[in-house]
Amino acid sequence: MTVRTRFAPSPTGSLHIGGARTAIFNWLFARHYGGAFVLRIEDTDRERSTEESIDEIIAGMTWLGLDWDEGPFRQSDRLDVYKSLAGKLIESGDAYRCYVSSEELEARRKEAQERGEVFRYRREWAEVNAAPGKPYAVRLRTPDEGAIEVTDLLRGVVRFDAADIDDFVILKTDGFPTYNFAVVADDSEMNITHVIRGDDHLTNTPRQALIYKALSLDMPEMAHVSMILGPDGKRLSKRHGDTSVIAYRDQGYLPDALVNYLTRLGWSFGDQEIFTREELVGKFTLDNVGKSAAVFNMEKLDWLNGWYIRNRPAGEIAALVLPMLKERGINAEPGRKLEMIVKELGQRAKTLLDIVNSIGYFYADEITFDEKAAAKFLTPETGEALRDLTERLAAGEFTGDGLHAAFEKIMEERGMKMGAVAQPVRVALTGGTVSPGIFEVMEILGKEEVLKRLGRAVAYISEKG
RNA sequence: GGCCCCUUCGUCUAGCCUGGCCCAGGACGUAGCCCUCUCAAGGCUAAAACACGGGUUCAAAUCCCGUAGGGGCUACCA
């Protein structure tokens, strides 16, 4: 039997970090075994599901490069399936109509709580107020005693007491299925062989096992992966900042870096930290998935993302940076100059945004000097060296060797050290004290621009002095 | 409250199943040094963990029991 996995998000928000990791695990598992990966939208909560969320989830999946073989299916398109399945269960006596309204239940629940008792749904209430035409929910008739055993691929056999499980609702009053029911109906109909999902679903599994049994269906293999936590040890959520995958894209993270990072959160392969997509597919199995929760660590993601930026062809990074520059009104063009810049700035960046934010002086018509930098390095003494350099550069070849030779000459004649020459030049060319290597900067800027900027700095010094 | 899951450096983890090779390895971060025209990158070094308590055993991070802590579920949310 070929492997079939699925990712089944509910469209109540965009694709977030936790969901993405679940999607990645399912995708990797399917790809590793040459199986199929299905995308299914679980939009049975009419209150909270939105079209916008569906679009955002798909955008997130696409950006991460998690392609699906079937779907996206939508549960709201399949209501008749659930309805007829529920009808079958009513007929067989495995389920029954319940006329107790949710308001009524809520009141009883509250009452029980106030008395300090545990609330339990009573089967006898079902028929109370029953009347033809009155709305009803459908509940599964669950066993009152006995054990329900569930086998989890990561945790082994987990036992639950049937007495702890109420006759839960499978079909809501509005005709929509509940999560537990829809999941079973769909996973079985879509021939899902392996369900890989969050830990939070583990205690739902016995309920689903009951539904499988009532429907005489086999349960797929189950694997419950632990959750991702925020720095405070609580389940990762919006409280910890923007956790949507799209936000990471906009902040300049590379999809491969995010996928690499998220996969390593809960999965490992010896001491290896960096994996290509192909390696991930080749090496990913459930054997190496851990079972304890993991804290999302931004610093490590930053490091990984920086690594990816540094090790990707400059052309590729440039293509990603270009639209971000346009957005900010920086008039860059694709080509050698941009690639050289990206190669240098990428060396120092953790995100693409870092590159964008530090690229300004390469494209500015007129740079502004950082006050402190100018005060320290654009002085009458350095002014002479700058003027000297300007002349030499104007006269000589503007090549790597030529540039070095000009610097050497000045250092020699004036008894200056490299740093003493380079820093003023750096301020003159970039406006600040931090930049890529000075020769690289000059090469990127080009002879004309370098001479222009040096001239401006010299003029600035004499004006000031 | 009840039930379920989890517990190795601050964080991600290797090792645990198949006890000895582990006075616990790697990575991020942190600190120091090296390299160096600044900042990075890179190299080297350092500090840093088997939650706790009992057992079993010649020997336990590894097996067993208990405790504590954390997380989850307990909805006509998923």
Side-chain angles (χ1 to χ4, degrees), chain A residues 8-12 42-45 47-49 98 100-103 105-106 109 113 116-119 135-139 150 152 154-155 158-161 163-166 168-174 176-180 182-183 197-207 224 226-227 229 231 233-235 261 264-274 288 290-304 306-307 310 344-350 354 358 373 377 407 411 417-427 430 432-439 441:
Chain A
S10 66
T12 55
E42 309 222 319
D43 56 348
T44 54
D45 184 342
E47 306 278 301
R48 301 196 298 148
S49 297
C98 173
V100 185
S101 70
S102 33
E103 291 77 22
L105 281 172
E106 191 49 49
R109 186 173 291 119
Q113 221 161 37
E117 290 168 18
V118 176
F119 175 79
Y136 59 87
V138 178
R139 287 179 183 270
V150 170
D152 182 277
L154 300 179
R155 298 161 206 280
V158 183
R159 285 177 65 111
F160 298 88
D161 193 340
D164 292 327
I165 296 174
D166 277 9
F168 56 91
V169 170
I170 57 173
L171 208 63
K172 303 182 224 176
T173 312
D174 64 4
F176 275 61
T178 56
Y179 163 71
N180 283 312
V183 158
R197 73 217 314 190
D199 204 1
D200 47 340
H201 291 296
L202 182 57
T203 45
N204 275 317
T205 313
R207 284 171 234 279
H224 290 92
S226 282
M227 326 225 63
L229 275 23
K234 304 278 182 210
R235 177 187 192 155
Y261 176 73
R264 271 290 280 103
L265 221 49
W267 175 84
S268 61
F269 193 81
D271 287 339
Q272 192 171 344
E273 296 284 353
I274 292 163
N288 299 319
K291 36 189 182 174
S292 47
V295 173
F296 186 80
N297 183 241
M298 198 66 131
E299 280 78 41
K300 189 155 184 181
L301 206 212
D302 280 345
W303 167 76
L304 242 193
W307 189 93
R310 268 175 263 127
E344 293 303 325
L345 293 182
Q347 200 71 213
R348 299 154 172 79
K350 288 175 161 45
D354 287 345
S358 54
F377 293 108
F407 270 69
M411 285 159 63
K417 290 198 167 181
M418 182 60 190
V421 183
Q423 277 307 76
V425 173
R426 175 167 283 114
V427 176
T430 72
T433 55
V434 174
S435 85
I438 201 65
F439 297 110
V441 170

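Proteins come first, then strands; the chains are lettered A, B, ... in the order of their sequence lines, and each starts at number 1. Reckoned from all heavy atoms, side chains included, excluding hydrogens, waters and symmetry mates.
- For Asp271(A) and C28(B), the CG to P distance is 12 Å, given to the nearest whole Å.
- Between the side chain of Asp166(A) and the backbone N or O of Phe168(A), no donor-acceptor pair lies under 3.5 Å.
- Counting heavy atoms from C-beta on, the side chains of Arg139(A) and Val100(A) never come closer than 4.5 Å.
- At the phosphate of C76(B), OP1 or OP2 sits under 4.0 Å from a side-chain N or O atom of Arg139(A).
- Using a 4.0 Å heavy-atom criterion, one finds that Ser292(A) contacts the sugar-phosphate atoms exclusively.
- Side chain of Arg264(A) to backbone of Phe269(A): no donor-acceptor contact under 3.5 angstrom is found.
- Here A68(B) sits opposite U7(B) as a Watson-Crick or G-U wobble pair (both hydrogen-bonding atom distances under 3.5 Å).
- When Watson-Crick and G-U wobble pairs are counted only if both distances are under 3.5 Å, A24(B) pairs with no nucleotide at all.
- When heavy atoms are screened at a 4.0 angstrom cut-off, Ile438(A) is found touching base atoms of the nucleic acid.
- Searching all strands for a Watson-Crick or G-U wobble partner of A14(B) with both distances below 3.5 Å returns nothing.
- Residue Thr203(A) is classed as a base contact, given a heavy-atom separation below 4.0 Å to a base.
- Ser226(A) places a side-chain N or O within donor-acceptor distance of the main-chain N or O of Lys291(A), the cut-off being under 3.5 Å.
- At the heavy-atom level, Gly266(A) lies under 4.0 Å from the strands shown only through sugar-phosphate atoms.
- Contact check, Arg264(A) against U11(B): no side-chain N or O comes under 4.0 Å of OP1 or OP2.
- In this entry U62(B) has no Watson-Crick or G-U wobble partner, no candidate having both defining distances under 3.5 Å.
- Residue-level contact check: Glu299(A) touches the backbone only, with heavy atoms under 4.0 Å from sugar-phosphate atoms and none from bases.
- Using a 4.0 Å heavy-atom cutoff across all strands shown, Ser268(A) reaches sugar-phosphate atoms only and no base atom.
- Taking 4.5 Å as the limit, some side-chain heavy atom of Pro206(A) sits within range of a side-chain heavy atom of Ile165(A).
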What protein N or O atoms touch nucleotides 48-53 of chain B N or O atoms at under 3.5 angstrom, if any, and at what distances?
none

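- Looking at Arg155(A), its side chain has no donor and acceptor atom pair within 3.5 Å of the base of C5(B).
- Across all strands shown, Gly419(A) has heavy atoms under 4.0 Å from sugar-phosphate atoms exclusively, and none from any base.
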If you restrict it to nitrogen or oxygen atoms, what contacts under 3.5 Å exist between nucleotides 65-71 of chain B and the protein, and what is each distance?
| from | atom 1 | to | atom 2 | distance (Å) |
| --- | --- | --- | --- | --- |
| G71(B) | OP1 | Lys234(A) | NZ | 2.2 |

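- Two residues are said to be in side-chain contact when any heavy atoms from C-beta on lie closer than 4.5 Å; Arg207(A) and Tyr179(A) fail this criterion.
- Dashed line: the shortest gap from a side-chain N or O of Lys172(A) to OP1 or OP2 of C77(B) is under 4.0 Å.
- At a threshold of 4.0 angstrom between heavy atoms, the contacts of Thr12(A) with the nucleic acid are absent.
- If you check every strand for non-hydrogen atoms under 4.0 Å, Asn204(A) touches a base.
- Under 4.0 Å is where a charged nitrogen must lie from a carboxylate oxygen, and between Arg155(A) and Asp199(A) at least one such pair does.
- Proximity of Lys300(A) to the phosphate of A27(B): no side-chain N or O atom is located under 4.0 Å from OP1 or OP2.
- Here Phe160(A) lies in heavy-atom contact (under 4.0 Å) with sugar-phosphate atoms only.
- Backbone-only contact: Thr178(A) has heavy atoms under 4.0 Å from sugar-phosphate atoms and none from a base.
- Side-chain atoms of Tyr261(A) come within 3.5 Å of backbone atoms of Asn297(A) as a donor-acceptor pair (strictly under, hydrogens ignored).
- Of the possible polar contacts, none joining the Thr433(A) side chain to the Ala373(A) backbone as a donor-acceptor pair under 3.5 Å is found.
- Within the 3.5 Å criterion, the main-chain N or O of His224(A) finds a donor-acceptor partner in the side chain of Asp152(A).
- When heavy atoms are screened at a 4.0 angstrom cut-off, Val441(A) is found touching no nucleic acid atom at all.
- No hydrogens or angles were tested; on distance alone, nothing pairs the side chain of Ser226(A) with the base of C6(B) as donor and acceptor under 3.5 Å.
- When rounded to the nearest whole Å, the span between CZ of Arg207(A) and C1' of A75(B) equals 10 Å.
- Gln347(A) comes within contact range of at least one nucleobase, with a heavy-atom separation under 4.0 Å.
- Using a 4.0 Å heavy-atom cutoff across all strands shown, Pro9(A) reaches no nucleic acid atom at all.
- Between the side chain of Gln272(A) and the base of G26(B) there is no donor-acceptor pair of N/O atoms closer than 3.5 Å.
- Across all strands shown, G43(B) is found opposite C33(B) as a Watson-Crick or G-U wobble partner, with both distances under 3.5 Å.
- The neighbour count for Lys172(A) NZ, taken as heavy atoms of other residues, nucleotides or ligands under 6.0 Å away, is above 12.
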